[in-house]
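Written below as structure tokens is the structure these notes are about.
Please read all numbers here as calculations on a predicted model, not as lab measurements. Remember, it's 1-based here, ligands and their atoms both numbered in the order they're listed.
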Amino acid sequence: MPDGVLRLLTCGSVDDGKSTLIGRLLYDSNLLLEDQLSALQAESGDGSDLDFSYLLDGLNAEREQGITIDVAYRFFATEKRHFIVADTPGHEQYTRNMATGASTSDVAILLVDARNGILTQTRRHSHIVSMFGIRHVVLAVNKMDLMDYSEDRFSEISEAYVTAAQTLNFDTITCIPVSALKGDNLRKKSVEMAWYRGPTLLDFLESLDTLEPRTQQPFRLPIQWVNRPDADFRGYSGTVASGQIHVQDEIVVVPSFRKTKVDRIVTMDADRESAQAGDAITLTFTDEVDAQRGDVIAPSAEPPDSSDQFRVQLLWMDQEPMLPGRNYEIKIGTQKTLAVISDLRYTINVNTAEQVAARTMNANEIGVCNISLQRTVAFDPYESNKQTGAFILIDRYTKQTVAAGRLEYGLRRATNITRQEFNVDKSARAQLKIQKPCVLWFTGLSGSGKSTIANRVESELHALGHHTYILDGDNVSHGLNKDLGFTDADRVENIRRISEVSRLFADAGLIVLVSFISPFRSEREMARSLLEAGEFVEIFVDTPLDICEQRDPKGLYVKARAGEIANFTGIDSNYEAPTDPELRLDTTKLSVDASTSEIIEYLRNKGIV
Ligand code: ADP
């Protein structure tokens, strides 16, 4: 008899009967409370079939009002086993919630409607649960009562599913014909389907052997916070993600790989000799070894890996498509930094399991890509540890979780490539020029006046004896960026390259003037993040669209309106105005001369010129 708790995830579309299935299972197992029972009878009204979905839809209603979290966990127990059901709402944003539920579940129950059979959605759910490491699936072929309990129909669907799921990494696939509404093959064997010789759903769930428990894996403690109430005490707090730890165990702090031993295991109640997965603890060390929030504490004999470049598998969940080259926040356990998708290798067609070449990913697509992080982090491949191998990407502005994924392996560039240290550095180069390097980043619509003003500012600086360089469309789009067009993805890559070049020029000690529409906030912030504090000066050339269009210095608006230019900023492509620029120039009020003076004045005040 397997022991321990079994964690289930139910997946299906809105009307496949997820809520009814779980509701009926609880009812048949006499697991409903009195008040739930009478509410159920009252709600179902006329004495015909009880509406079991009511039991769970109550939860859905709460969720829609934002009262509870996205994934609701329900607990129940039979004589043989305890269960936790991750119940995820079936509507639109289903994959977002599914990914959360899948990463902690042992078994997925995929519901299909016997009338519809296997749908793209079923295949997509299967890919997702496989990706997040669920090894056991149950295909519950529901609504068999509406198909006259047909054995042929069941065989047809289950055979199609088993064939489709062959490429996925499941240890067991169990197809069960059920009627969630009538209770067939949930707890009791169906009289109507005497031809079915397999287990009922509950029999199956009660007897399933699951993976090695988290406590058997190597110890991992992602540090949530450094506990330093006074000068005498320094502890590292968090919830044990996996494994066990004892006082005096030899440990290592990753990614610094500094070694020490556990001195004390402190908990809310008292000191302990040992702790295990799930426990909230504070560790102290025998030596003065510095660790910080986000680091992972592990046994020195079995440490996690560290890297800043990864091959990953990703589920894109946002309605906005993924943009390679854009900076996203990445969260791996308690570690947070920035990540860029450096190379999208392919996406997966869930219907055929084929790998498809792609430049972007849309909502609910699965893909494989390389990501590059701003700093080195501790990790385990997801395959060996779900806690330290999972990550999410967060949009920096909307704060939405846009993707969830698994780290497959580190690409090891961090350890193989070391930066060459040069004797002459940025400040030495700048000193010789008697100036402070900086980047003046002009952003605004086409025709707003970026080039005109930048040109005038450069002349002024040059006259004052400063060493400058201007980057604008003309000297970049014909060379460095000639392979890029004007799609959102290309614009992101365009600005990424310009940012890197302006960083190099600033490193050369120059005052760099960048004149690009640079329509997206994220990329301008990325450019800023490459430089030291105070070096990036964002100048918003704020000219309304109608004025730009009247000026139309290059005749581009006329062409865009005539439909000859696609993706034109302000017309059929978005411009995200800066919210907090260093300088904002309203060219409807300021002449070119006045704008130039304002910029020079700013640079003087900051001691740059
Ligand atoms: P961008 O580089 O932003 O695409 P340009 O500098 O090429 O814009 O074009 C701006 C046009 O607007 C020029 O023809 C410029 O002479 C004209 N203009 C008129 N008034 C102003 C002003 N106050 N500031 C900047 N440009 C102005």
Side-chain angles (χ1 to χ4, degrees), residues 438-463 468-482 484-488 490-499 501-502 505 511-521 523-524 527-528 536-562 564-579 581-603:
C438 71
V439 173
L440 306 181
W441 190 283
F442 293 82
T443 171
L445 296 173
S446 172
S448 57
K450 300 180 296 298
S451 306
T452 308
I453 299 169
N455 187 24
R456 192 70 66 81
V457 172
E458 188 178 32
S459 305
E460 195 87 358
L461 291 171
H462 190 76
T468 57
Y469 194 76
I470 197 158
L471 288 168
D472 84 357
D474 286 341
N475 57 12
V476 179
S477 45
H478 300 309
L480 177 66
N481 286 355
K482 71 177 168 197
L484 300 175
F486 292 95
T487 60
D488 282 359
D490 280 2
R491 284 174 190 270
V492 169
E493 175 59 13
N494 186 26
I495 299 303
R496 190 192 68 78
R497 291 185 199 171
I498 313 270
S499 312
V501 173
S502 56
F505 281 175
I511 297 177
V512 192
L513 299 95
V514 178
S515 166
F516 275 87
I517 297 173
S518 44
F520 304 135
R521 239 169 255 146
E523 282 61 60
R524 296 193 302 261
R528 183 189 291 277
F536 184 86
V537 183
E538 188 176 31
I539 303 171
F540 178 25
V541 184
D542 189 4
T543 310
L545 180 64
D546 56 327
I547 306 285
C548 293
E549 203 162 349
Q550 275 168 33
R551 290 181 189 166
D552 206 3
K554 296 174 198 139
L556 297 176
Y557 283 95
V558 172
K559 286 190 184 158
R561 290 288 181 200
E564 291 166 30
I565 307 177
N567 299 325
F568 197 81
T569 305
I571 294 181
D572 55 354
S573 186
N574 198 19
Y575 179 77
E576 299 171 359
T579 41
E582 273 72 15
L583 280 172
R584 180 181 156 272
L585 307 173
D586 177 353
T587 72
T588 58
K589 298 209 178 75
L590 293 173
S591 67
V592 177
D593 278 348
S595 293
T596 306
S597 307
E598 198 160 308
I599 295 170
I600 300 289
E601 184 62 24
Y602 177 88
L603 297 178

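Put simply, no part of V541 is less than 4.0 Å from ligand 1, judged by heavy atoms.
Counting protein heavy atoms only, atom 23 (N) of ligand 1 is closest to L590 O, 2.8 Å. Of all protein heavy atoms, the one closest to atom 19 (C) of ligand 1 is R551 NE, 3.5 Å. In terms of protein heavy atoms, atom 2 (O) of ligand 1 is closest to S451 OG, 2.7 Å. Closest to atom 8 (O) of ligand 1 among all protein heavy atoms lies G449 N, 3.2 Å. In terms of protein heavy atoms, atom 10 (C) of ligand 1 is closest to G447 O, 3.4 Å. Nearest protein heavy-atom contact of atom 7 (O) of ligand 1 is K554 NZ, 3.8 Å.
Residue P544 comes nearest to T588 through the heavy atom pair CD-CG2, 3.7 Å, listed as atom of the first residue, atom of the second, then distance. The two residues K450 and F442 have their closest heavy-atom pair at CD-O, 3.6 Å.
The aromatic rings of Y469 and F505 stand perpendicular to each other, their planes meeting at an angle above 60°, with 30° marking the opposite boundary.
The ligand atoms of ligand 1 that sit less than 4.0 angstrom from a heavy atom of L445 are 3 (O). Near S446, meaning under 4.0 Å from any of its heavy atoms, are these atoms of ligand 1: 4 (O). Below 4.0 Å from some heavy atom of T452 lie the following atoms of ligand 1, by number and element: 5 (P), 6 (O), 9 (O), 10 (C), 13 (C), 15 (C).
Backbone and side-chain nitrogen or oxygen atoms of K450 are examined, and one is located within less than 3.5 angstrom of a nitrogen or oxygen of ligand 1. Considering backbone and side-chain atoms together, P553 places no N or O closer than 3.5 Å to any N or O of ligand 1.
Neither side chain, T443 nor R521, offers a donor N or O lying under 3.5 Å from an acceptor on the other.
Residue pairs meeting the salt bridge (Lys or Arg N to Asp or Glu O under 4.0 Å) criterion with at least one partner in residues 538-548, sequence neighbours excluded, are R524-E538, R528-E538, D542-R584.
Here V476 pairs with L471, L480, N481, I498, F516 under the side-chain contact (heavy atoms from CB on, under 4.5 Å) rule; sequence neighbours left out.
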task = Begin from the C-alpha positions of R491 and S518 and carry the test side chain to side chain donor-acceptor pair (under 3.5 Å) through to its verdict.
result = CA-CA 8 Å; R491 284 174 190 270; S518 44; over 6 Å; no

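Between R456 and E460 there is no salt bridge, since no side-chain nitrogen of the basic residue lies less than 4.0 Å from a carboxylate oxygen of the acidic one.
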